[in-house]
There are 2 protein chains.
Amino acid sequence: MKMVDEAEVTAAAIGPCAAIPAEHMGFIRETLDRVGDKWSLLIIAVLEPGPLRYTDLQRQVPGISQRMLSLTLRQLAEDGLITRAAYAEVPPRVEYTLAPLGRGLHEIVTSLIGWAADHHDEIRANRERAATTGS
Amino acid sequence: MKMVDEAEVTAAAIGPCAAIPAEHMGFIRETLDRVGDKWSLLIIAVLEPGPLRYTDLQRQVPGISQRMLSLTLRQLAEDGLITRAAYAEVPPRVEYTLAPLGRGLHEIVTSLIGWAADHHDEIRANRERAATTGS
DNA sequence: CTGCATCCTCGTTGATACTG
DNA sequence: CAGTATCAACGAGGATGCAG
């Protein structure tokens, strides 16, 4: 719960200076660094259909190393975006599930992915045209 | 194709493969690396109210270096997310404007920022609790 | 199977100085 | 004012090996 009233935020946003007041830059960057890193978003995305085990994740996110998988998973769990359920059995089994918080984020992620899917051709074209023009 | 292990079966049972097919991973990552980097999103955000000059951007995005500002600006322009208008006058003047493509992205960005604003306290709390529990 | 520790590489960033 | 060029530093990330 933040103590700032929404109207006040909006008023500040449309104000003369910037869409994002300096006070907000901090946690925006902070949050973005979490979800915007190389793997978090992908993990959240593949976790959406249902719980997955460590090895499954490694298979479904091609290119990720064990190190990064462990690291990202831990971080995501610490942030409460996913939950970790470890079964002390033999063989060991650990399942990762999308927590409600992560699920909320997934909505946004889906939008972003949709946008990427819709416009990546356009972006590509723009980039190549720029490269051609520039050379 | 008959080497179907349990993980594959489980994944298949939940859904076809994943929320994100492997074919999409590429440009998702590609797009995310664009907009998810340290500065692009901030620049897009501050550009939303209207065109800004180089120095204005440097002022409104505190902490950014000239190098990163130039780099990010150029990349954004090449991708067609912003437009660059240079007036060969004296003194030199260059204005950067949010292009339609960038404006579309801004919608998503706004959602993400909203989510960050709504949940950063929660994330913080979760993280600290995890740290406490873990130690 | 799950995951951590170590080492090492390499890309990204920032500081500084310089040009049109 | 609006950049570009060079250098140095930092940190993310990959490979490997080992432990529970």
Side-chain angles (χ1 to χ4, degrees), chain A residues 25 29-43 46-47 51-79 82-97 130 134-135, chain B residues 5-11 25 29-30 32-43 46-47 51-79 82-97 130-131 133-135:
Chain A
M25 291 269 185
R29 281 294 316 283
E30 193 178 329
T31 306
L32 274 183
D33 282 352
R34 285 302 160 135
V35 304
D37 71 357
K38 215 170 178 180
W39 305 110
S40 297
L41 233 39
L42 272 337
I43 291 180
V46 301
L47 232 36
L52 284 179
R53 300 178 56 175
Y54 185 84
T55 314
D56 296 333
L57 283 164
Q58 202 169 9
R59 285 189 353 106
Q60 298 217 6
V61 184
I64 194 170
S65 62
Q66 287 187 330
R67 174 192 155 83
M68 278 300 104
L69 183 54
S70 295
L71 241 49
T72 310
L73 247 22
R74 175 145 35 103
Q75 204 134 59
L76 252 26
E78 281 177 0
D79 289 356
I82 67 176
T83 55
R84 195 190 110 115
Y87 304 92
E89 308 164 345
V90 61
R93 187 171 51 119
V94 181
E95 279 188 349
Y96 295 91
T97 314
S135 65
Chain B
D5 68 339
E6 317 205 12
E8 200 165 339
V9 171
T10 303
M25 290 270 185
R29 281 294 315 284
E30 194 179 327
L32 273 183
D33 282 352
R34 285 303 159 134
V35 304
D37 71 356
K38 215 171 178 181
W39 303 111
S40 296
L41 232 40
L42 272 338
I43 290 181
V46 301
L47 232 38
L52 285 178
R53 303 176 54 172
Y54 185 86
T55 314
D56 295 333
L57 282 165
Q58 204 168 9
R59 284 191 346 110
Q60 298 217 7
V61 184
I64 195 171
S65 61
Q66 287 188 328
R67 174 192 156 84
M68 278 300 104
L69 183 54
S70 295
L71 242 49
T72 310
L73 246 23
R74 175 143 34 104
Q75 203 132 58
L76 253 26
E78 281 177 359
D79 288 358
I82 66 175
T83 55
R84 195 192 109 115
Y87 304 92
E89 310 166 345
V90 65
R93 186 171 51 119
V94 180
E95 280 189 348
Y96 294 92
T97 313
T133 304
S135 65

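In what follows, chains are A, B, ... by sequence order, proteins preceding strands, each numbered from 1. Computed over heavy atoms, backbone and side chain alike; hydrogens, waters and symmetry mates excluded. Worth saying up front: this structure is predicted, and the values here are computed from it rather than measured.
One interatomic measurement links the two molecules: CZ of B:R93 to P of D:dG3, which rounds to 13 Å at whole-angstrom precision. D:dA2 atom P lies 11 Å from atom CG of B:L52, rounded to whole Å. Atom CG of A:D37 is separated from atom P of D:dG11 by 16 Å (rounded to the nearest Å). Protein atom CZ of B:R84 is 12 Å distant from nucleotide atom C1' of D:dT4, rounded to whole Å. In this structure, B:Q58 places its CD atom 16 Å from P of C:dT13, rounding to the nearest Å. We find that CZ of B:R59 is positioned 11 Å from P of D:dC1, with the value rounded to whole Å. Counting to the nearest Å, the P atom of D:dG3 and the OH atom of B:Y87 are 13 Å from each other. Atom CD1 of B:I43 is separated from atom P of C:dT13 by 11 Å (rounded to the nearest Å).
When side chains are defined from C-beta on, B:L52 counts as touching B:Q60, because their heavy atoms get closer than 4.5 Å.
Contact between the side-chain N/O atoms of A:R53 and the OP1/OP2 oxygens of C:dC1 is not found at any separation under 4.0 Å.
Panel note: side chain B:Y54, backbone B:Q66; a donor-acceptor pair is recorded below 3.5 Å.
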N/O contacts under 3.5 Å, protein versus nucleotides 14-18 of chain D?
from, atom 1, to, atom 2, distance (Å)
D:dG14, OP2, A:S65, OG, 3.3
D:dG14, N7, A:R67, NE, 3.4
D:dG14, O6, A:R67, NE, 3.4

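Of all heavy-atom pairs spanning B:R53 and B:P92, the tightest one is NH2-O, 3.6 Å. Shown here for A:E78 and B:A130, the closest heavy-atom pair between the two residues is CG-CB, 3.7 Å. Scanning all heavy atoms of the two residues, the minimum distance from A:P62 to A:W39 falls at O-CZ3, 4.3 Å. Nearest heavy atoms, A:Y96 versus A:L47: O-CD1, 3.7 Å. When all heavy atoms are compared, the tightest approach of B:D79 to B:R34 is OD2-NH1, 2.9 Å.
Among the atoms of the strands shown, only primed sugar atoms or phosphate atoms (P, OP1, OP2) are found under 4.0 Å from some heavy atom of B:Y96.
Atom CG of B:L57 and atom CD1 of B:I82 lie 7.5 Å apart (nearest 0.5 Å). We find the CG-CG distance between B:L41 and B:L76 to be 9.5 Å, quoted to the nearest 0.5 Å.
Of the residues in residues 70-77 of chain B, B:S70, B:R74 come within less than 4.0 Å of DNA chain D through at least one heavy atom, sorted by number.
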